[in-house]
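Taking it in order: structure first as structure tokens, then the write-up.
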Amino acid sequence: MYQFKSRIRYSETDETGRLSVPGIINYMQDCSTFQSEDGRMGISYLKEHHRAWLLSGWRIVIDRYPKLGEEITAGTWHCGSKGFYGYRDFVLLDQENNPLVRANSLWFFYDTEKNMPVRIQPEDILPYGIPQPSQDLGEAPRKILIPEKYETAAAVVIGRHHLDTNHHVNNCQYVQMAMDYLPEDFCIHQMRAEYKQQARLHDVICPARAVEDTKTTILLNDQKSEPYAIVEFM
């Protein structure tokens with residue numbers, strides 16, 4: 001497992017003084033990015049070879065939110081690949097190596113010149129070592145079910161602050177947008193997200209929300225009601 005240690009900063013906390021959900025996601029994205037950079041197959045390498053790893057979806061289970069000043073370890077490991085898909089797990093650990101947050105994720109390898117997925121070659125995953133088993137997060141449906149009834153909200157226009165180095169909306173930004181439509185005092189213990197298409201600068205996102213008991217599903221759609229992303233909170 002690739003790891004790096006950190007301490008929860010004030011800038012990473014929410015109004016409760018604990019690590020925010022976007023903070024959790026950023027730690028995980030940073031951890032996998034650091035592993036790629038250290039393996040000399042990071043952002044510059046991928047750009048030079050017209051490649052990118054794009055997130056298809058993930059499931060995050062929060063066992064406990066770390067608090068301000070708490071020392072943690074972020075970890076990630078490669079769980080295998082098939083075709084153009086790559087599987088990767090993440091964990092945030094406390095000082096006693098107890099899990100704070102656990103996650104499974106699915107990525108796909110992308111040709112940025114031809115704008116299409118491309119089959120993963122052995123050299124593309126060489127820095128990540130021998131695949132390790134994925135952690136068991138319990139049963140969950142394979143796909144997020146889109147609710148039949150939902151309420152819509154005001155549209156959001158994509159600005160530069162939403163974008164990452166691939167020039168489209170960052171994975172974390174979709175989740176952060178979706179959280180704005182959660183019911184008041186909703187405590188997130190599990191989150192699933194599926195990314196369907198790439199939103200870019202000046203695109204318009206049309207949110208919709210469905211609230212069902214302990215679950216809230218947020219659709220972040222384009223102007224034709226096709227989803228950019230679907231985010232489910234429990």
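The chain is numbered in sequence order, starting from 1.
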Discussion item. Can you give me the closest heavy-atom contact between T216 and P183, atom names plus distance?
Written reply: OG1-CD, 3.5 Å

Discussion item. Taking I188 as the starting point, is it possible to reach V231 by hopping between hydrophobic residues whose side chains are less than 4.5 Å apart?
Written reply: yes

Item to complete: Give the minimum heavy-atom separation between E113 and D111, together with the two atoms involved.
Response: N-OD1, 2.9 Å

Worksheet item: Per the side-chain contact (heavy atoms from CB on, under 4.5 Å) rule, which among I230, I144, I205 passes with L219?
Response: I230

Discussion item. Using the rule given for side chain to side chain contact (heavy atoms under 4.5 Å, CB included), can you reason through V21 versus I62, listing the C-alpha separation, both sets of side-chain angles and the distance that settles it, and then say yes or no?
Written reply: CA-CA 9 Å; V21 172; I62 302 167; 4.2 Å; yes

Discussion item. Is it true that Q29 and N171 share a donor-acceptor pair across their side chains at a distance under 3.5 Å?
Written reply: yes

Fill in: N/O donor-acceptor pair under 3.5 Å between Y110 side chain and N115 backbone
yes

Worksheet item: Got K215 and T217 here, is their nearest side-chain heavy-atom distance under 4.5 Å?
Response: yes

Fill in: Heavy-atom closest pair, residues E37 and I43
OE2-N, 2.8 Å

Fill in: Nearest-0.5 Å distance that lies between atom CG in N98 and atom CG in D63
9.5 Å

Worksheet item: Below 4.5 Å, heavy atoms only, C-beta onward: do Q35 and P127 meet side chain to side chain?
Response: no

Worksheet item: Below 4.5 Å, heavy atoms only, C-beta onward: do V211 and R209 meet side chain to side chain?
Response: yes

Worksheet entry | Heavy-atom side-chain proximity of I25 to V175 below 4.5 angstrom | yes

Fill in: Approximate separation, where rounding is to 0.5 Å, of Y87 OH and S81 OG
8.5 Å

Worksheet entry | Test salt bridge (charged side-chain N to carboxylate O under 4.0 Å, His left out) applied to E148 - qualifying residues, sequence neighbours left out | none

Response to the item:
Taken to the nearest 0.5 Å, the spacing of S6 OG from I72 CD1 works out to 5.5 Å

Worksheet item: Got more than 12 heavy atoms from elsewhere within 6.0 Å of CZ, F4?
Response: yes

Practice prompt. Give the minimum heavy-atom separation between P207 and A154, together with the two atoms involved.
Written response: CD-O, 3.3 Å

Worksheet item: Counting N and O atoms only, with roles assigned by atom type, does the side chain of T76 sit under 3.5 Å from a partner on the main chain of D89, one being a donor and the other an acceptor?
Response: yes

Worksheet item: Sub-3.5 Å donor-acceptor pair from the side chain of D124 to the main-chain atoms of I120, do we have one?
Response: no

Item to complete: Can you measure from CZ (F109) to CG (L54) and round to the nearest 0.5 angstrom?
Response: 10.0 Å

Discussion item. Under 6.0 Å from the ring centre and within 45 degrees of the ring axis: does the NZ or CZ of R51 meet both conditions for the six-membered ring of Y45?
Written reply: no

Worksheet item: Strictly by modelled atom types, are R200 and Q198 linked by a side-chain donor-acceptor pair under 3.5 Å?
Response: yes

Worksheet item: Is the closest side-chain heavy-atom distance between E232 and M191 below 4.5 Å?
Response: no

Worksheet item: Just how far is it from atom SG of C172 to atom CE of M177, taken to the nearest 0.5 Å?
Response: 10.0 Å

Worksheet item: Hey, does L137 have a side-chain heavy atom less than 4.5 Å from the side chain of Q190?
Response: no

Worksheet entry | Full working for side chain to side chain contact (heavy atoms under 4.5 Å, CB included) between V61 and V101 | CA-CA 6 Å; V61 175; V101 184; over 6 Å; no

Practice prompt. Evaluate the side chain to side chain contact (heavy atoms under 4.5 Å, CB included) criterion for residues I158 and L163: first the C-alpha distance (whole Å), next the side-chain angles of each, then the deciding distance (0.1 Å), finally the verdict.
Written response: CA-CA 8 Å; I158 298 304; L163 308 181; 3.9 Å; yes

Worksheet item: Is I60 linked to F186 within one hydrophobic cluster, defined over Ile, Leu, Val, Met, Phe, Trp and Tyr using a side-chain heavy-atom separation of less than 4.5 Å?
Response: yes

Item to complete: Return yes if a side-chain donor-acceptor contact under 3.5 Å exists between Q135 and N104, otherwise no.
Response: no

Practice prompt. Please test E71 against R7 for salt bridge (Lys or Arg N to Asp or Glu O under 4.0 Å), starting from the C-alpha separation and ending with a verdict.
Written response: CA-CA 4 Å; E71 294 182 357; R7 187 181 181 194; 5.2 Å; no

Worksheet item: Does R88 offer a backbone N or O that forms a donor-acceptor pair with the side chain of S105 under 3.5 Å?
Response: yes

Worksheet item: Between I218 and F233, which heavy-atom pair has the shortest distance, and what is it?
Response: CG1-CE1, 4.0 Å

Worksheet item: What orientation do Y174 and Y195 show, parallel under 30°, tilted 30 to 60°, or perpendicular over 60°?
Response: tilted

Worksheet item: Hey, would you say the F34 and Y2 ring centroids sit under 6.0 Å apart?
Response: no

Discussion item. Is there a continuous path of hydrophobic side-chain contacts, each under 4.5 Å between heavy atoms, that joins I125 to M41?
Written reply: yes

Discussion item. Just so I know, are the side chains of D203 and Y228 near enough to count as touching, which here means a heavy-atom distance under 4.5 Å?
Written reply: yes

Worksheet entry | Heavy-atom side-chain contact between D222 and V204 under 4.5 Å | no

Worksheet entry | V91 reachable from Y65 in the ILVMFWY side-chain graph, under 4.5 Å edges | no

Worksheet item: Can you tell me if R192 uses its side chain to pair, donor with acceptor, with the backbone of P141 under 3.5 Å?
Response: yes

Discussion item. Main chain of K67, side chain of E70: is a donor-acceptor contact present, judged purely on distance under 3.5 Å?
Written reply: yes

Worksheet item: Do the charged groups of E194 and R59 touch, with an N to O distance under 4.0 Å?
Response: no

Discussion item. Looking at T73 and K5, would you say the former's side chain and the latter's main chain have a donor-acceptor pair under 3.5 Å?
Written reply: no

Worksheet entry | Distance-minimising heavy-atom pair for E12 and Y27 | OE1-OH, 2.9 Å

Worksheet item: Would a distance-only check, ignoring hydrogens and angles, find a side-chain to backbone donor-acceptor pair under 3.5 Å from H162 to G159?
Response: yes

Discussion item. Main chain of H50, side chain of T112: is a donor-acceptor contact present, judged purely on distance under 3.5 Å?
Written reply: yes

Worksheet item: Shared ILVMFWY cluster between W77 and L55, side chains joined below 4.5 angstrom?
Response: no

Worksheet item: Between N166 (side chain) and H168 (backbone), is there a donor-acceptor pair under 3.5 Å?
Response: no

Practice prompt. Begin with the C-alpha distance, continue with both residues' side-chain angles, and end with the deciding distance and a verdict on side chain to side chain contact (heavy atoms under 4.5 Å, CB included) for E226 and Q197.
Written response: CA-CA 9 Å; E226 294 295 329; Q197 57 174 322; 3.9 Å; yes

Worksheet item: After noting the C-alpha distance and the side-chain angles of Y85 and W107, does the key distance pass the ring pair (Phe, Tyr, Trp, His ring centres under 6.0 Å) rule?
Response: CA-CA 6 Å; Y85 284 114; W107 302 72; over 10 Å; no

Worksheet item: What distance do F108 atom CZ and M116 atom CE have between them, rounded to the nearest 0.5 Å?
Response: 11.5 Å

